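As the structure is a computational prediction, the values presented were derived from the model and not from experiment. Naming convention: chains lettered A, B, ... in sequence-line order (proteins, then strands); numbering from 1 in each chain.
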Protein chains: 2
Amino acid sequence: MKIRPYHHGDLRATLLTLAEDTLRGRGAAELSLRELAREAGVSPAAPSRHFKTKQALLDALAMEGFDRLDEVMTAALHEAGDAFTDRLDRLARAYMSFSVDNAALLELMYSRKHDPDAAEELVAATRRLTGLVNRVIEDGQRRGEVRPGDVDLLVLPLAAALQGLTALLQSGGFSTTQIEQGLTETIAFIQRGYAP
Amino acid sequence: MKIRPYHHGDLRATLLTLAEDTLRGRGAAELSLRELAREAGVSPAAPSRHFKTKQALLDALAMEGFDRLDEVMTAALHEAGDAFTDRLDRLARAYMSFSVDNAALLELMYSRKHDPDAAEELVAATRRLTGLVNRVIEDGQRRGEVRPGDVDLLVLPLAAALQGLTALLQSGGFSTTQIEQGLTETIAFIQRGYAP
DNA sequence: ACCTGAACACCGTTCAAGT
DNA sequence: ACCTGAACACCGTTCAAGT
């Protein structure tokens with residue numbers, strides 16, 4: 001009995017889903033195209049129609065990650081009030097929560113070894129994200145809740161603190177209460193840094 | 001003519017040196033034990049005497065990295081004056097400079113997929129490093145130049161900011177002047193966060 | 001257009017055997 | 001103790017050929 005026809009039908013999407021499962025379970029290094037093909041029930045050469053190379057698949061995963069992080073951050077902003085401190089708090093916690101749930105994916109998003117053409121898309125995705133944070137800072141400046149200054153420069157310490165905190169907490173083996181405390185401390189730290 | 005005797009003599013050190021060259025040139029993902037063996041002029045099985053697995057070699061490289069970063073940070077402290085602001089500035093710039101010169105190595109050091117036994121050593125190395133920074137902060141508190149508080153908590157935002165800044169700058173494709181500006185802004189940010 | 005089958009040139013790791 | 005030779009079970013990628 002032939003469960004699967006000659007044409008899989010939606011191999012591209014299936015590969016991405018399977019890839020994210022093993023990414024989440026075992027990390028990017030353990031990802032094998034041949035294994036994905038096996039799990040999808042196709043021949044070892046089949047994936048190459050949809051992803052010319054393994055890196056192309058990883059790049060596609062990274063793009064998906066940016067899209068989802070974008071949604072999460074935007075949603076967090078909508079739930080926040082107008083005050084800068086509240087917005088910053090929400091953004092930081094949303095980012096942190098995403099990074100805890102998608103550690104390996106985030107690592108992939110920040111990895112600097114993409115194909116040249118995909119790198120273009122990914123840089124654009126990063127800009128979209130920092131653009132969102134930029135607007136929050138500018139808004140804070142307009143409300144007089146953030147000290148004046150070049151926003152492109154002011155955004156760096158915030159982005160760095162968040163990215164670094166998630167990286168630290170994931171590699172260090174901290175407890176959940178330590179993570180919570182560390183996040184709260186870091187947010188307070190950032191608030192002080194932005195205060196007029 | 002037999003240039004090399006049956007026993008290589010110092011294969012372990014040779015492998016580490018060669019490994020760091022390709023790490024620097026092409027990244028950790030491109031590192032191949034067989035290739036290293038070829039470059040060292042030994043059989044493919046020879047490395048396994050010194051590094052039971054590829055990960056073991058990567059772990060050894062990471063340990064080397066911690067030792068060197070430790071030296072760099074300690075030296076930076078010795079060149080600094082007594083004022084907290086000066087010490088923080090030196091530490092931050094030393095870390096940044098190390099991270100620019102040893103991007104791939106630093107990534108390895110922070111990577112969270114080590115062998116269980118090596119992980120132990122690496123966690124100890126991290127503690128040694130944060131211990132150094134902890135002492136600087138405590139010193140600042142004694143001098144009244146840093147606000148009071150739990151040092152283990154206070155150190156997190158600093159470590160996060162530095163780690164995150166290097167990660168950002170490496171993945172983003174920033175210019176050297178942007179890096180310099182970003183670093184200066186981040187240091188100022190941290191100084192404000194620590195001010196009493 | 002999408003997939004298979006078979007091949008190519010690689011891997012990491014293991015293990016008996018050599019020096 | 002340290003290394004070789006040969007083997008095993010994998011990889012990613014390519015390409016003619018099938019549906």
| query | Under 6.0 Å between the ring centres of B/F189 and A/F189? | reply | no
- Query: Going by atom types only, do A/T184 and A/E180 share a side-chain donor-acceptor pair under 3.5 Å?
  - Reply: yes
Inset, instruction - Classify the side-chain pair B/D59/B/Q55 by whether it contains a donor and acceptor separated by less than 3.5 Å. - result: yes
If pairing means Watson-Crick or G-U wobble with both distances under 3.5 Å, then the partner of D/dG12 is C/dC8
Query raised in the report: Is there a side-chain contact between A/E107 and A/T166 (heavy atoms, below 4.5 Å)?
Result: no
Listed pairs under 3.5 Å, donor-acceptor, residues 156-164 of chain B side chains, sequence neighbours left out:
none

Taken to the nearest whole Å, CZ/B/R49 to C1'/C/dA17 is 11 Å
What are the atom names and distances for every N/O pair under 3.5 Å that joins the protein to nucleotides 11-13 of chain D?
residue : atom : partner : partner atom : Å
D/dC11  : OP1  : A/R38   : NH2          : 3.1
D/dC11  : OP2  : A/R38   : NH2          : 2.6
D/dC11  : O5'  : A/S32   : OG           : 3.3
D/dG12  : OP1  : A/L33   : N            : 2.8
D/dG12  : OP2  : A/S32   : OG           : 3.4
D/dG12  : OP2  : A/L33   : N            : 3.1
D/dG12  : OP2  : A/R34   : N            : 3.0
D/dG12  : N7   : A/R34   : NH1          : 2.6
D/dG12  : O6   : A/R34   : NH1          : 2.8
D/dT13  : OP1  : A/T53   : OG1          : 2.5
D/dT13  : OP2  : A/K54   : N            : 2.8
D/dT13  : O4   : A/R34   : NH1          : 3.1

Scanning all shown strands, the Watson-Crick or wobble mate of D/dC3 with both distances under 3.5 Å is none
Would you say D/dC3 has OP1 or OP2 under 4.0 Å from some side-chain N or O of B/H50? yes
> Is the backbone N or O of B/Q141 less than 3.5 Å from a side-chain atom of B/R147, with the two atoms forming a donor-acceptor pair by type?
Replying inline: no
